[in-house]
Amino acid sequence: MFVMRYWRTSMFGDSLLRTVCRSVHHSGARQFSEPLYQQIVNVRNNKYKFKGHPYATYDSFKCWNCQTILDIRPCLFCKNCSKIQSSEDQNLNYFELFNINVQYDIDTVQLTTNFRKLQNLMHPDRFSNKTEEEQLLSESFSSLLNKSYTTLLNPLLRGLYMLNLGGLSIEEDSITMDSTFLYEIMDWNEKVEEVDTKESLERLKKDVDDMLVVLYMELSKAFSENNQNQAKVLLSKAKFFTTLLEKIKDKDVF
Amino acid sequence: MFLNKIPKCLTTKANSVPCLFYHKNVIDHYENPRNVGTLNKNDKNVGTGLVGAPACGDVMKLQIKVDDGGRIVDAKFKTFGCGSAIASSSLATEWVMGKTVDEALSLKNTDIAKELSLPPVKLHCSMLAEDAIKAALSDYRIKQQEKKKSEDQE
């Protein structure tokens with residue numbers, strides 16, 4: 001038991017925590033100069049914007065167990081009592097959670113490595129002999145990790161998530177697509193419907209994949225130029241092609 | 001493995017609509033869609049409406065043929081989407097047939113949703129059908145105006 005806990009804190013302390021700490025301190029997220037009372041008021045009113053990430057609001061929170069103020073994001077364990085912390089209290093966005101920059105082009109290898117490290121620390125299996133409260137926290141943290149990992153790994157979902165961070169979504173108002181594109185999609189769908197050999201289906205799938213690759217390249221450009229409206233149009237197009245791809249996968253040709 | 005004992009039809013992904021979740025009118029339209037097909041979109045008397053829902057990736061094409069008296073004599077649709085979208089457009093073609101252009105314009109998505117008992121998450125499918133009718137009617141109007149203009153010039 002002791003060995004387990006020691007191992008965990010040491011692993012956490014050694015690799016992950018330090019990188020997280022460094023990145024937060026380097027970005028100069030907060031340097032307090034006001035009296036403590038004012039600080040707390042400001043924190044409560046969300047006055048501090050987290051500078052490292054353009055979309056996130058930065059607020060420190062207290063450890064649920066020992067009430068120590070924790071100001072490292074993302075905070076996994078309390079620095080004082082080493083209890084697991086709640087992911088919900090920290091209001092993390094998915095990029096912050098994995099300690100990567102908010103941008104469309106992400107290093108998926110880095111993402112996967114970070115995901116595995118984090119899941120290794122937070123998985124409910126590690127908390128099976130802890131209190132019920134800690135088990136619940138680990139469950140929600142772990143499920144958040146899974147959810148954000150799948151979102152960030154998928155190019156379409158990642159784009160949609162970034163659009164959401166910017167306050168837009170393709171769901172709320174059905175943007176009118178230009179009719180040439182709709183005719184194009186109609187043609188693609190008809191092709192998929194008419195296909196009768198395995199080879200032609202494979203070819204069709206490859207064509208759609210190629211279209212998607214081009215779209216995601218344009219999407220990355222749109223996000224790097226911070227052109228949200230262009231990103232919205234591109235994501236809608238990508239959604240049509242992704243639906244098409246699912247239809248191709250569901251189709252049985254013998 | 002224990003999965004071997006389960007019949008294969010249950011483990012493979014079912015392609016049909018899960019009947020449990022849809023109203024019988026939706027199933028009926030989905031399994032026997034009315035008026036599927038295409039009309040000649042270059043015909044002066046044919047209006048074509050093509051709409052898409054970016055949120056779910058559905059596309060819907062609805063065409064109407066109007067006679068000289070302004071009555072819709074034929075309607076065809078082609079939809080690539082979920083069961084509700086197919087049922088909505090099928091029902092829409094059924095309803096506009098025989099109506100005048102103005103009557104068809106007054107068709108509301110709520111009527112479609114009510115007839116098919118669509119759940120709130122599927123309401124956008126009926127909206128898509130309404131948009132498709134509106135788009136087809138406006139396409140027809142534009143064509144008619146162009147026709148009139150060219151006749152006036154002659």
Side-chain angles (χ1 to χ4, degrees), chain A residues 154-157 159-161 163-164 168-195 204 208 211-212 215 219 228-254, chain B residues 8-9 11-18 33 36-42 47-63 76-86 88-89 109 120-132 134-136 138-140 142-143:
Chain A
N154 181 315
L156 177 72
L157 294 179
L160 288 173
Y161 181 70
L163 205 66
N164 273 340
L168 286 176
S169 81
I170 60 169
E171 275 112 30
E172 52 190 29
D173 50 342
S174 63
I175 48 169
T176 41
M177 310 294 298
D178 58 296
S179 58
T180 36
F181 175 75
L182 286 174
Y183 271 113
E184 206 181 300
I185 278 291
M186 208 77 195
D187 284 346
W188 280 102
N189 271 301
E190 275 164 8
K191 270 189 220 160
V192 172
E193 204 182 42
E194 284 158 12
V195 120
L204 209 57
V208 178
M211 293 293 283
L212 274 171
L215 273 175
L219 188 61
Q228 296 275 333
N229 288 325
Q230 173 71 3
K232 192 170 159 180
V233 173
L234 288 169
L235 279 168
S236 317
K237 288 187 178 178
K239 178 74 197 177
F240 277 107
F241 280 110
T242 322
T243 315
L244 197 63
L245 211 56
E246 273 161 26
K247 274 179 205 153
I248 294 178
K249 275 175 195 157
D250 283 349
K251 205 173 160 74
D252 294 318
V253 179
F254 301 106
Chain B
K8 209 182 172 214
C9 61
T11 49
T12 50
K13 200 174 174 187
N15 283 325
S16 65
V17 199
V36 179
T38 11
L39 299 170
N40 179 11
K41 68 173 181 188
N42 297 319
T48 307
L50 189 62
V51 287
C56 50
D58 290 358
V59 263
M60 188 181 281
K61 185 170 76 176
L62 202 148
Q63 294 180 304
K76 294 273 181 218
F77 84 93
K78 202 160 201 184
T79 299
F80 294 99
C82 63
S84 306
I86 292 169
S88 296
S89 41
N109 78 298
V121 285
K122 287 288 174 188
L123 282 182
H124 68 272
C125 298
S126 60
M127 280 178 221
L128 204 61
E130 189 192 318
D131 288 346
K134 297 256 160 76
S138 81
D139 183 54
Y140 168 73
I142 290 167
K143 272 185 182 167

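Small disclaimer: the values here were computed from a predicted structure and weren't measured.
In this structure Met186(A) satisfies the side chain to side chain contact (heavy atoms under 4.5 Å, CB included) test together with Glu190(A), Leu50(B), Val59(B), Lys61(B), Lys78(B), Phe80(B), sequence neighbours excluded. For Asp139(B), the side chain to side chain donor-acceptor pair (under 3.5 Å) criterion is met by no residue, not counting sequence neighbours.
Proximity to chain A is absent for every atom of Thr38(B), based on heavy atoms less than 4.5 angstrom apart. With a 4.5 angstrom heavy-atom cutoff, Phe241(A) does not touch chain B via any of its atoms. Residue Lys237(A) does not touch chain B at all, counting heavy-atom pairs closer than 4.5 Å.
Here the CG atom belonging to Asp58(B) is positioned 9.0 Å from the CG atom belonging to Asn189(A), to the nearest 0.5 angstrom.
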